[in-house]
Amino acid sequence: MHPALSVVFFTTATGAGYGLLALLGVLGGLGFIQPDFWLGLVGMALALGLIVAGLLSSTGHLGRPERAWRAFSQWRSSWLSREGVASVATFIPAGIFGIGWALLGHSGGWVAIAGLLAAAGSVTTVCTTGMIYASLKPIAQWHSRYTLPAYLIFSAMTGGVLLNALLQSFAVGSTAVLVCALLATLAGWAWKLATWRHNDRLEIPTTANTATGLAGGTVRSIEWPHTEENYLLKEMGFRIARKHSAKLRRITQGLAFAVPAVLLAIALASPLPLAAIASVLAAVTQLAGMLVERWLFFAEAKHTVTLYYGR
Amino acid sequence: MNSAAPRGANSAPSQRPLADTCAPDEGDGVDTSPSVSDRIAKTTCYMCACRCGIDVHIKDGKVRYISGNKDHPVNRGVICGKGSAGIMQHYSPARLRKPLLREGPRGSGEFREIEWGEAFAIATERLSAIRRTDPKKLAFFTGRDQSQSLTGWWASQFGTPNFAAHGGFCSVNMAAGGLYTIGGSFWEFGEPDWDNTKYFMLFGVAEDHDSNPIKIGLGKLKARGAKVVSVNPCRTGYNAIADDWIGIQPGTDGLFVLALVHELLKAGRVDLDYLLRHTNAAVLVTQKPGAADDGLFVRNDAGNLLAWDRAGKVPVGAGDPEAKPALTGSYTVNGHRCVPVFQLIADRYLDESYSPDAVAGRCGVAADTIRRIAAELAHVAFEQTIELPVAWTDWAGRRHETIRGRPVSMHAMRGISAHSNGFHTCRAIHLLQVLLGTVDVPGGFRFKPPYPRCAPPGPKPAGKNVRPMTPLDGMPLGFVCGPDDLLVDEAGRPTRIDKAYSWEAPLAAHGLMHSVIRNAWAGDPYQIDTLMMYMSNMAWNSSMNTVETIRMLTDKDQAGAYKIPFIIYSDAYYSETVPFADLVLPDTTYLERHDCISLLDRPISHADGPGDAIRHPVVQPDRDVRPFQSVLIELGARLGLSGFVTEDGSAKYRDYADYIVNHERAPGIGPLAGWRGKDGRSIGKGEVNPDQLQRYIDNGGFWHHDFSDDQRYYKMGNRAYLDFAVQMGFIAKAEPIVFQLYSEPMQCFRLAARGHGKSQPPEAERGRIEAYMDPLPFWYAPFEDEAIDLQKYPLHALTQRPMHMYHSWGSQNAWLRQITSQNRLFVHSETAARLGLADDDWVWIESTNGKVKGQIKLIDGVNPDTVWTWNAIGKRRGSWGLKDDAAESNRGFLLNHIIGDLTHGKRYSNSDPVTGQAAWFDVRVRITKCAPEEAGFTEPQFERFRQPPNVGPPPDVLRFGAAFRMKREAAE
Amino acid sequence: MTCLPAHTEKKLGLVIDLDTCVGCQACVTACKEWNAGGHMAPLTDIDPYGGSADGVWFNRVHSYEHTTELGGRTVNFPRSCLHCEQPACVTVCPTGASYKRASDGIVLVDEDKCIGCKLCSWACPYGAREFDTDVGVMKKCTLCVDRIYNDNLTAEDRVPACVAACPTSARHFGDLGDPASAISQLVEERGGGDLMPELGYKPTNKYLPPRARSERAAKVDAPALEPIKAEGGLLGWIDRMLSN
Ligand SMILES: Nc1nc2c(c(=O)[nH]1)N[C@H]1C(S)=C(S)[C@@H](COP(=O)(O)OP(=O)(O)OC[C@H]3O[C@@H](n4cnc5c(=O)[nH]c(N)nc54)[C@H](O)[C@@H]3O)O[C@H]1N2
Ligand SMILES: Nc1nc2c(c(=O)[nH]1)N[C@H]1C(S)=C(S)[C@@H](COP(=O)(O)OP(=O)(O)OC[C@H]3O[C@@H](n4cnc5c(=O)[nH]c(N)nc54)[C@H](O)[C@@H]3O)O[C@H]1N2
Ligand code: SF4
Ligand code: SF4
Ligand code: SF4
Ligand code: SF4
Ligand code: SF4
Ligand SMILES: [Mo]
């Protein structure tokens, strides 16, 4: 699949944003993180900023962005529509929570309810995003039981690492949050490795034989319908060389998991401001790493239409 | 036809509209009944030379849609990939807009626009000077011309013998091979009996001029489960769907076919009765080695051919229906030994050198396969005979209660003809068909009227006496029957610029267009003044040795004058040839003019009856262009050519439309055969009908006559048919047409080579004439095989026509070019592996004539010693309205660059020695991987042509159709 | 509405005979031509005369080599929308632009609703969706919905453009939901099948497999030819034949 930058950025950013929002909603709403104007403002701005930027970027992918509002209508069948509805719906409790927690400095009560609802909305939204990909049968690497958990884990991971960086920067760091962020990072790493392992061993029942209905033996494409590349090939015929993908997998592991894990471990063992610096660095590297991960998520996904083109 | 029966080819129950075509009440707002057209104009397609009937749907003054005409005898409602894309041809950005006069050097593309008046003045002045002095200094060659009966006649009225159309580089081997043997031919002049055949063999065809009829026919065979055998080095297209694919070694079909003949003869599986009735198998041939009449037929004093009567043991007239002629044996007539033709056939082909085992290696076809095919042919022909319950009467008045058929049919085209041994191979295939008794019988190969004709047909080529201001005494093209008919001078040198009908190409029935540029440049046999061409891209895909051809077109003598002094060219588009013209006459598109697809030329007949057709302007040109035929007619009038002016010297015809209706070639015979006579009730012959064109238009643009049931088969000896053919003027007398298995005209040439007769070949030509003018078909290796080092150039290189492209026209078409804008070289995967080549590699393709670079694609469905590519995709930068980065000129390539135009140490044209047919497919190549920095772009490259004046750049986005929708929606 | 109808009255579709298709592209350009000015007009062509021409086409023909232990066969393979019974291209659509008609089962895009998110093209395993970058919306084969019911065409012309054009008669049209229809019977007779059945989209269109090298192939069971053994070989035989 063609790794369109707008979509790569969209899923990475909203994943992190919703992760952060959910954590703030739960921890802030229930008072585990004390309300603080600046922390609240920056935290909510970061979470919502990532979400809004992601959503805006995703509309950049649309052929007719001015009609984007129509996407809310088909929630009964379409995960994309559900994502749209969930993402927008989440803004309501998120806004109320933000006002209560960050501006008014409350927690508990209606703020807690709003926070929990925002968290629920976030989780739902991330699930819907995951399901968009997980539900696509033509792309075996996505249509797998690894996809939905991956979206949730990565969202929790990036959200957690961000939260930790935030708390550390405001000198209100919590070891529990830090440890959780570290564990989430390790979990994310493990999940990614498991996913790759799964994908590398995938035996896809859909082959050039089933695609053409020509049973037995080999089916080799000798001529494309048109000699130049078309929409299908540009959108879905993206190919990445094995060598290239191995390198990018190493980069992903380094940036998204290994380096952040080490930095978080350092943070755990270091005093402020070192811990804060390490935490922020961890968050930034991880986000960069996740962009690469997401790029690979697309680049390594093979659509059945490529079978027709012998790719 | 039953009006309730569904019309058209695609009318199987599974192809019909829904039983209820009332739109369901879906409520989705879809307009299921938009208006399609304001009017439908029915005319004839010219996206290729197949001449299908089309319905042009015109909406808001623009062409909305083109579909097949269901009533049309050629395509019966279907339409091919090109036909549907006609819109994009018609609106092509490469259309010429106005007459052009060269300003810059030849080949640069620098032109000035001029008015038609000036164009006529320039041409008239030049041509009348030629005509006053030496008319043959005008060479007029017309390429893909569908109006040869006009253009040839024009040349004849002008007085130049130097006329031909594209047949010489196309398929004259098929035409001549057929016409000299059975009085008809493959190409589009005959067709298998698609409805009855049970076994169909296809030799060397990718597409052909009968493209929709062949496809319709193959569809019928497939629907019936009849067997299709393809003999072709490449397994694409028609050959892909064959039940049996024989990936033969190029150039060896003659051997393969004669091995089949060997097997059939050995097993006695030949149709003796058919041979006796319809062929010269029983005719006695003189056996007098060294004598002047050795190998000629034995005749009585009246000049009639003799056979040997088995019963009476005396010579009898070979055409005597009462005779019982012998097919074998040796007899003495008038004191000389003679044998029947069949004896010679048996003697030759029973020889072990023709056995499957002897030829298998060379053909690349297993001996068992050859034996199996022979057995299958015999089995279907003789055990699965069919009998139509139709009574008929033969030429001799014998009544037959049924029409007996042997359901084996064959078709062959350029895979056979485009080799230097193609004439004989074509004859070999006809021999095979005739031995099986399958020509013009139910289930066999059938003639399309006006064929069959006498083998060979009557008229000889005119041009023996070329005099100033004098028309020729006939048409420039015809059929020679012996050395005396050649167009040569006393020394035996050619008198035509293309050397047709000379000792170098004696049976050149269609001329040698591919030799004209070289000969005109070299002044061999003489210098000409003006080369006038029409509709042929001679500076590119229809020439061999393009690189040198381009040089010859621009070469100058010491005085700085072009060696070919003046070039007039008519094209409709900015092709690669336009920039080489001094004067460009822009033609219309096919939707903007009158045309006539005439029985005098290449009509739309099919085997069940004759037909002809017209084109008429269905939209008006938006440019200052004129139909070439009308221009030619006006030029004829301005020059005062006798056929084109009235007594008082004024123009006889207003334009081509006027000519089509009013011209009479012979009394009562004109370009169109339908609705003749004042009342429009005659066909074939009849007075001029001023209303004729309208009658055609009213009938959908064509005329067609259906034979009665008893006229449809055995046309070579069917009285009802022969009488009809005489009435129509197809043949002079209702006499049977006798298939010439043994060709006496060819023997006459051989005798000349042996020193007999008054017309003698130059010494240097004797050997060739002796070798190749064999009266019986034989096989010899294609010339290039003998001339070059096969170790160095081991591979055959072929081209095939893409079904969706017509030669070079297709690439200007926004839709068609998307399908193929880069051609690959297809290489067998094992061959590639041996050469260390991988898929998508860029390679040099080298012949002794040069090298060209392209990208390969590996396949398995090809003869391993053969590489091939799609024809005519490569384009020169600056042509066809394409942008500079077009794949056609950067990644596509033209094989023609490396096909030599000369052979035998550059002594002869690279052609068949009998007919002069260009031997495109003889070329041998080697391929080598190119250096990494050479990959990704084609070579050779040529200088970019300038754009003609007042032509803007082509659009970046094409939204064709948007306007129809806007209009539609606005109306709602 | 992108929920699928529970049931469609008809299952209109195409049947393509791979045994007969010669890859001539007639269906391809006939489709382009009809639809360029039809319901989804235009089918925009980007860079039509340049080096990276890329247009919208509803029907494309591939060529394959199919090689089994019995030998090889070149197969031309037209590919267009299969008007699936369970098409995810419809259900994934967030806007309701993509829908399957309850009446005849045709899968269509309502351009006016389409936001060009391209998700349906990801959801179609067959590559049958065509994005028009110029207009910014998804387009696709309409099964010629503006032909098959079109009162402005003569009744006999109310078939898809590709079916009318196909010179070899390799394309068929009809109601595949009706087992008694001619088209269903053709599928039955020739063993027509689904593409990618394992994905569960239940395509309506069917493909008839090539017959070469199968029991269905055309064959001639001819006994081997025997040379004439009798006296005089061929010539003796001919003499005897003629004197009978
Ligand atoms: N390598 C290789 N070369 C081959 C062949 C091959 O098999 N292999 N085949 C050969 C054969 S058989 C043939 S017939 C030739 C064909 O080759 P050409 O005779 O060159 O045919 P086209 O490319 O069709 O070009 C004819 C010219 O007619 C112009 N034209 C099109 N429509 C009109 C019109 O309405 N009016 C006018 N005035 N001009 C028009 C076109 O623009 C073009 O310039 O190619 C030959 N060349
Ligand atoms: N779509 C389309 N239709 C056309 C044309 C076009 O350009 N495009 N051109 C028209 C013209 S001018 C012509 S002349 C006809 C020609 O129509 P075809 O005769 O079909 O011409 P080619 O495409 O040259 O095909 C030649 C075939 O012969 C095969 N072949 C080559 N050498 C041998 C051999 O030694 N033995 C055998 N058995 N096969 C061999 C090649 O593989 C190829 O399949 O088509 C006409 N129709
Ligand atoms: S075969 Fe030739 S004449 Fe017939 S529709 Fe196609 S392009 Fe036109
Ligand atoms: S083929 Fe593709 S576009 Fe057509 S209905 Fe099936 S899934 Fe949808
Ligand atoms: S591109 Fe259009 S039709 Fe396709 S899913 Fe998106 S909105 Fe629906
Ligand atoms: S049914 Fe119509 S839209 Fe669909 S492929 Fe055929 S011609 Fe094109
Ligand atoms: S028109 Fe018919 S034969 Fe030609 S490519 Fe299409 S399906 Fe195949
Ligand atoms: Mo030709």
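Letters A, B, ... mirror the listed sequences (proteins, then strands); counts begin at 1.
The backbone N or O of A:I222 lies less than 3.5 Å from no partner atom in the side chain of C:H62, so there is not a single donor-acceptor pair. Of the possible donor and acceptor atoms, none in the side chain of A:R70 sits under 3.5 Å from a partner among the backbone N and O of C:G96. With A:H303 contributing its side chain and C:W122 its backbone, the two residues share a donor-acceptor pair below 3.5 Å.
Between chain C and the options A:T306, A:T59, A:T227, A:T218, heavy-atom pairs under 4.5 Å are most frequent for A:T218. Top candidate by heavy-atom pairs under 4.5 Å with chain A, chosen from C:T74, C:N59, C:D112, is C:D112. In terms of heavy-atom pairs under 4.5 angstrom with chain C, the leader among A:E229, A:E228, A:E223 is A:E223. Chosen from A:V85, A:T207, A:N230, the residue pairing most often with chain C at heavy-atom distances under 4.5 Å is A:N230. The greatest number of non-hydrogen atom pairs below 4.5 Å with chain A, out of C:C93, C:S52, C:G193, C:P209, is found for C:C93. Comparing C:G136, C:G200, C:P94, C:G116 by how many heavy-atom pairs each has under 4.5 Å with chain A, the most go to C:P94. For the options A:V219, A:L136, A:I132, A:T212, heavy-atom pairs under 4.5 Å to chain C are most numerous at A:T212. Per-residue counts of heavy-atom pairs under 4.5 Å with chain A were compared for C:V137, C:T68, C:T91; the largest is that of C:T91.
If you measure heavy-atom distances from A:A208 to chain C, you find no contacts under 4.5 Å at all. Only the backbone of C:A53 comes within contact range of chain A, judged by heavy atoms closer than 4.5 Å. With a threshold of 4.5 angstrom between heavy atoms, A:W69 does not approach chain C through any atom at all. Interface residue A:A68: only backbone heavy atoms are found under 4.5 Å from chain C. For A:I139, the part lying under 4.5 angstrom from a heavy atom of chain C is the side chain only. Proximity to chain A involves both the backbone and the side chain of C:C117, based on heavy atoms less than 4.5 angstrom apart. For C:V56, no part lies under 4.5 angstrom from a heavy atom of chain A. Looking at C:L70, there are no atoms closer than 4.5 Å to chain A (heavy atoms on both sides), in backbone or side chain.
For the atom pair OG of A:S135 and CG of C:L119, the computed distance is 7.0 Å after rounding to the nearest 0.5 Å. Between the CD atom of A:Q74 and the OG1 atom of C:T95 there is a distance of 6.5 Å, given to the nearest 0.5 Å. In this structure, the separation between NE2 on A:H226 and CD on C:Q25 is 6.5 Å, given to the nearest 0.5 Å. The OH atom of C:Y126 sits 14.5 Å away from atom CG of A:L232, with the distance rounded to the nearest 0.5 Å. The CG atom of A:L62 sits 4.5 Å away from atom CD1 of C:I115, with the distance rounded to the nearest 0.5 Å.
In this structure, the side chains of C:M196 and A:T304 come closer than 4.5 Å at one or more pairs of heavy atoms. Counting heavy atoms from C-beta outward, C:P125 and A:L307 have side chains that stay 4.5 Å or more apart. Side-chain contact between A:R67 and C:K113 is absent, with no heavy atoms from C-beta onward closer than 4.5 Å. Counting only heavy atoms from C-beta outward, the side chains of A:M236 and C:S121 approach each other to under 4.5 Å. Looking at heavy atoms from C-beta onward, C:F77 lies out of side-chain contact with A:S221 at the 4.5 angstrom threshold.
Using bins of under 30°, 30° to 60° and over 60° for the plane-to-plane angle, the ring pair C:F131/A:Y231 lands in the tilted bin.
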Requested in this report: Go through the steps for A:T206 and C:L199 under the test side chain to side chain contact (heavy atoms under 4.5 Å, CB included), then give the verdict.
Outcome: CA-CA 8 Å; A:T206 301; C:L199 293 185; 3.7 Å; yes

**Report entry** Worked verdict on A:S78 versus C:T2 for side-chain hydrogen bond (donor to acceptor under 3.5 Å, both in side chains)
**Finding:** CA-CA 8 Å; A:S78 162; C:T2 63; 5.9 Å; no

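Judged purely by distance below 3.5 Å, without hydrogens or angles, the side chains of A:T210 and C:E198 pair a donor atom with an acceptor atom.
Within 6.0 Å of CH2 on A:W196 lie more than 12 heavy atoms contributed by other residues, nucleotides or ligands. Around the NZ atom of A:K234, the shell of radius 6.0 Å holds more than 12 heavy atoms that belong to other residues, nucleotides or ligands.
Between C:V92 and A:L80, the shortest heavy-atom distance links the atoms O-CB, 4.3 Å.
Under the 6.0 Å distance and 45° angle rule, C:R79 counts as a cation-pi partner of A:Y308.
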